[in-house]
There are 2 protein chains.
Amino acid sequence: MVGRMQCSPTGPRKGRARLTGRTGRPRSAAADAAILDATRAALVELGWGKLTMGDVAARAKVAKTTLYRRWAGKNELVLDAVAVLFDELELPDRGSLKDDIEGVVLQFAALLARPETKTALMAVVAESTTDDALRTRIREAVVERQKRLVVQGRQRAQRRGELPPDGGGPEGAAAAARSVDLIFDVIAGAVVHRALVSGEPVDAAWAARFTTLLLAGLGGLETRD
Amino acid sequence: MVGRMQCSPTGPRKGRARLTGRTGRPRSAAADAAILDATRAALVELGWGKLTMGDVAARAKVAKTTLYRRWAGKNELVLDAVAVLFDELELPDRGSLKDDIEGVVLQFAALLARPETKTALMAVVAESTTDDALRTRIREAVVERQKRLVVQGRQRAQRRGELPPDGGGPEGAAAAARSVDLIFDVIAGAVVHRALVSGEPVDAAWAARFTTLLLAGLGGLETRD
DNA sequence: CTCTTTCGCTACGAGTCGTAGCGTAACTCT
DNA sequence: AGAGTTACGCTACGACTCGTAGCGAAAGAG
């Protein structure tokens, strides 16, 4: 849960709800789950544009005011509702870097094929271009969390000898971090663009050709296909 | 202009406004320009989310009804307002494939750095996930039009001997088309993701490292950086 | 001069937003 | 048990936006 608002603006202590030092009626965890489920359901049926706070409240069977007590608005609510879906992504060891990349590409594509994910992700990013706080939260809730997949796949490939090890010292670590960022942007960006902008399927054949390009570069792609 | 509505639902002929066979008062081309300029200005100041049709009409000094006579809604209007910006992209011959790619990446990044472009592009794509007609129009107005850059750069590289020529026959042509699609998704996707999702600058250093990755693959990137 | 279409303007019902106010429910601490 | 604190459901509200209808006037075609 990234987007929760402060619980008690007047409260003297800032501990979390279930910890000591917090008095008063606690927030209903069931309401949280119901609201986020309702948000995802509304995204599926209505899409971002026609989703309204009142509709979500009605689906979740809570008062509209309860929504506004917990989230500042539609942007934050929808972000929280879809961010958790990205944590389902995994990187099972398939034995080679190529197979690892193809696997995660297809997983990511399956996630983006879900209607609630695609309509919400792009819309929230669009809103974030005029809302710095939202952009920071997207980075924390989605982008930085999922870079773990790149880090993990890269480490595995280095252990296998498929990629050279990191250079030593602080420069080496900085270069490794830049590489992770770059690779993440390339993989995530390409899949998102293919799926949502070009609007064509990310299937096994595309994943294979993309992975070939990523591993061998343009020259390697052209000689194979 | 992609998103114009039919001019005369009752008209017997379907020719354009300025052609013969069209009677009545013609639409004001000046109003068109004023509306699209006003739309871009409103996007800069308000962003997609807070832009309203009434506001655009007031800025353009036309009646709100005039907007609805020409565009079905906000989606179509904004798409038309920003699609033309993408036609400014060029691919000057810088002598090598690497320099050509870096050049177009930086141009594209500069375009995405403009507030009206980034807020509108992502929002319209988000809306297109629940609106097939809009998705088709985005493809026609933006995606397919800009693939010319990939085609042109690829042909140049083949002439220079930096990339192998296309295979012969229909299979070769189909493979070439798939390669163009793939490369376009990778380049455009990576730049968009870096600029808008990761929210970090697409500068010359990033463009150089991205191009290295694209040309040589993951192995080539890691040994250099 | 007539026909056709567009234009500006006003007005409208419908829908959404985000908040305020109130009484009640739930939990903590003394 | 009682007092204090916080969350909840509900209602109501002004402000705003939407998209359309209806009107008379303007601009071009034949």
Side-chain angles (χ1 to χ4, degrees), chain A residues 1 4-35 38-39 42 46-78 127 131, chain B residues 4-35 38-39 42 46-78 127:
Chain A
M1 296 304 168
R4 203 63 53 74
M5 296 181 73
Q6 294 292 346
C7 298
S8 55
T10 62
R13 312 198 184 134
K14 58 176 182 176
R16 295 225 318 259
R18 290 292 174 192
L19 297 181
T20 62
R22 189 81 162 76
T23 73
R25 176 177 178 175
R27 287 192 170 169
S28 162
D32 252 42
I35 291 170
T39 303
L46 306 173
W48 164 270
K50 297 182 180 174
L51 179 145
T52 66
M53 298 292 273
D55 187 88
V56 171
R59 287 172 191 258
K61 289 172 180 148
V62 299
K64 194 173 59 164
T65 45
T66 298
L67 282 186
Y68 284 104
R69 287 191 186 102
R70 306 190 183 197
W71 287 276
K74 188 168 151 176
N75 294 339
E76 291 78 8
L77 171 61
V78 169
E127 290 298 308
D131 182 343
Chain B
R4 203 62 54 75
M5 295 182 73
Q6 294 291 347
C7 297
S8 56
T10 60
R13 311 196 185 137
K14 59 177 183 176
R16 296 224 318 258
R18 291 292 175 191
L19 296 181
T20 61
R22 189 80 162 76
T23 73
R25 177 178 177 175
R27 289 192 171 170
S28 163
D32 253 41
I35 291 170
T39 304
L46 306 174
W48 164 271
K50 297 182 179 173
L51 179 145
T52 66
M53 298 293 272
D55 187 88
V56 171
R59 286 171 193 259
K61 289 171 179 149
V62 299
K64 194 172 60 163
T65 45
T66 299
L67 282 186
Y68 284 104
R69 287 190 186 102
R70 304 188 184 198
W71 287 276
K74 189 168 150 177
N75 294 339
E76 291 77 7
L77 171 61
V78 170
E127 290 297 308

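So you know, we letter chains A, B, ... as the sequences are listed, proteins then strands, and number each from 1. From a predicted model like this one, the values you see are computed outputs, not experimental measurements.
Mapping B:Lys61 and A:Leu51 onto DNA chain C by nearest heavy atom places B:Lys61 at the nucleotide closer to the 5' end. Comparing B:Ala31 and B:Gly24 against DNA chain C, the residue whose closest nucleotide sits nearer the 5' end is B:Gly24.
Atom CH2 of B:Trp71 is separated from atom P of D:dC18 by 16 Å (rounded to the nearest Å). Straight-line distance from the OH atom of B:Tyr68 to the C1' atom of D:dG19: 5 Å, rounded to whole Å. Protein atom NZ of B:Lys50 is 16 Å distant from nucleotide atom C1' of C:dT16, rounded to whole Å. If you measure from atom CD1 of A:Ile35 to atom C1' of D:dA7, you get 12 Å, rounded to the nearest angstrom. Rounded to whole angstrom, the span from the CD atom of A:Glu76 across to the P atom of C:dC17 amounts to 14 Å. At whole-Å resolution of the value, CE in A:Met53 and P in C:dT19 are 10 Å apart. As a whole-Å value, the separation of A:Lys74 NZ from C:dT16 C1' is 10 Å.
For D:dG19, its base sits under 3.5 Å from the side chain of B:Lys64 at one donor and acceptor pair at least. Taking 3.5 Å as the limit, the base of C:dA25 and the side chain of A:Arg25 contain a donor-acceptor pair of atoms between them. Side chain A:Arg69 to base D:dG9: a donor-acceptor pair is found below 3.5 Å. On a pure distance criterion of 3.5 Å, no polar donor-acceptor pair joins the side chain of A:Thr52 and the base of C:dC17.
Taken to the nearest 0.5 Å, the CD1 atom of A:Ile35 stands 9.0 Å off from the CE atom of A:Met53. Distance OG1/A:Thr39 to CZ/A:Arg59: 9.5 Å, rounded to 0.5 Å. Between atom CG of residue B:Asn75 and atom CH2 of residue B:Trp48 there is a gap of 4.0 Å, rounded to the nearest 0.5 Å.
The shortest side-chain heavy-atom distance between B:Lys74 and B:Leu51 falls under the 4.5 Å cut-off.
Across A:Ala38 and A:Val56, no two heavy atoms sit closer than the pair CB-O, 3.8 Å.
Phosphate contact (OP1/OP2 of C:dT19, side-chain N/O of A:Thr65, threshold under 4.0 Å): absent.
When each of D:dG19, C:dG18, C:dC29 is scored by its nearest atom to the side-chain atoms of A:Thr23, the top-ranked nucleotide is C:dC29. When distances run from any side-chain atom of B:Arg27 to the nucleotides D:dT20, C:dC27, C:dT6, the shortest one goes to C:dT6. Comparing C:dC9, D:dG19, C:dT19 by their nearest atom to the side chain of B:Ala63 picks out C:dC9.
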